[in-house]
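Here the structure is laid out as structure tokens; the discussion comes afterwards.
The basis for the numbers below is simple: all heavy atoms, side chains too, and nothing from hydrogens, waters or symmetry mates.
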Amino acid sequence: QVQLVESGGGSVQAGGSLRLSCAASEKARVMGWFRQAPGNEREGVASIWTADGSTYYHPSVKGRFTVFHDAAKTTLYLQMNSLKPEDTGMYYCAATRVGGRTLVSDAYPYWGQGTQVTVSS
């Protein structure tokens, strides 16, 4: 069981930045960030394969968000710049020991509790 704890959420005005962190109890093969706004389905935001650093992004965040991990590959980050009100939601960290479609929530068996991001206009 991989345990995940997110931090770094908060409230920011449009155009601002936030960095989310996710501390993992052990290294995973793939780690990702998902978000869910009220009334919406959970959607994949960004993911990274820890072996080679390959990253994947939702089209709506490409060029604004960056996913990366620390040298030990047990802390995942999401740097979010140029934030928009539509980025508002609960952000979840996820991990899997196997591969798959890494922006799809079903690929991940391990989840954190989430951290809230609110962007005001």
| With hydrophobic residues grouped by side-chain heavy-atom distances under 4.5 Å, do Phe65 and Tyr77 end up in a single group? | no
| Between SG of Cys93 and CG of Leu76, what distance do you get to the nearest 0.5 Å? | 5.0 Å
| field | side-chain contact (heavy atoms from CB on, under 4.5 Å) evaluation trace for Met31 with Ser47 | value | CA-CA 6 Å; Met31 298 185 75; Ser47 64; over 6 Å; no
| message | Using the rule side chain to side chain contact (heavy atoms under 4.5 Å, CB included), only one of Leu20, Asp87, Thr88 pairs with Arg35; which is it? | response | Asp87
| query | Do Gln13 and Val119 come close enough that some side-chain heavy atom pair is under 4.5 Å? | reply | no
| query | Can you check side-chain contact (heavy atoms from CB on, under 4.5 Å) on Arg97 and Glu26, steps first, answer last? | reply | CA-CA 10 Å; Arg97 294 193 179 107; Glu26 62 182 78; 3.0 Å; yes
| task | Look only at the side chain of Glu6 and the backbone of Gln113, and say whether a donor-acceptor pair between them is shorter than 3.5 Å. | result | yes
| query | Looking at CG of Asp106 and OG1 of Thr96, how far apart are the two atoms once the value is rounded to the nearest 0.5 Å? | reply | 11.5 Å
| field | Ser7 vs Thr115 side-chain heavy atoms within contact, under 4.5 Å | value | no
| said: For a side-chain contact (heavy atoms from CB on, under 4.5 Å) check, start with the C-alpha distance between Leu18 and Val117, then their side-chain angles and the critical distance, and finish with the verdict. | reply: CA-CA 9 Å; Leu18 282 174; Val117 171; 3.9 Å; yes
| task | Evaluate the side-chain proximity of Leu78 to Val45: yes if any heavy-atom separation is below 4.5 Å, no if none is. | result | yes
| remark: Nearest heavy-atom contact between Ala95 and Ala28 is CB-CB, 3.8 Å
| query | Partners of Gln79 by side chain to side chain donor-acceptor pair (under 3.5 Å), sequence neighbours excluded? | reply | Arg19, Asn81
| said: Taking the side chain as everything from C-beta on, heavy atoms only, tell me whether Gln1 gets closer than 4.5 Å to Tyr110. | reply: yes
| Any sub-3.5 Å donor-acceptor pair from Lys73's side-chain atoms to Thr50's backbone N or O? | yes
| request: Output all residues satisfying side chain to side chain donor-acceptor pair (under 3.5 Å) with Asn40, sequence neighbours left out; order by chain, then residue number. | output: none
| How many angstroms lie between OG in Ser60 and CD in Glu86, if you round to the nearest 0.5 Å? | 8.0 Å
| Short question: side chain of Arg64, backbone of Ser82 - any donor-acceptor pair under 3.5 Å? | yes
| note | For Asp70 and Thr74, the nearest pair of non-hydrogen atoms, with its separation, is OD1-N, 3.0 Å
| said: Suppose clustering is done on Ile, Leu, Val, Met, Phe, Trp and Tyr with side-chain heavy atoms closer than 4.5 Å. Which residues sit in the same group as Tyr56? | reply: Val30, Phe34, Trp49, Met90, Tyr92, Leu103, Tyr108, Trp111
| query | Are side-chain heavy atoms of Tyr57 and Thr66 found at a separation under 4.5 Å? | reply | yes
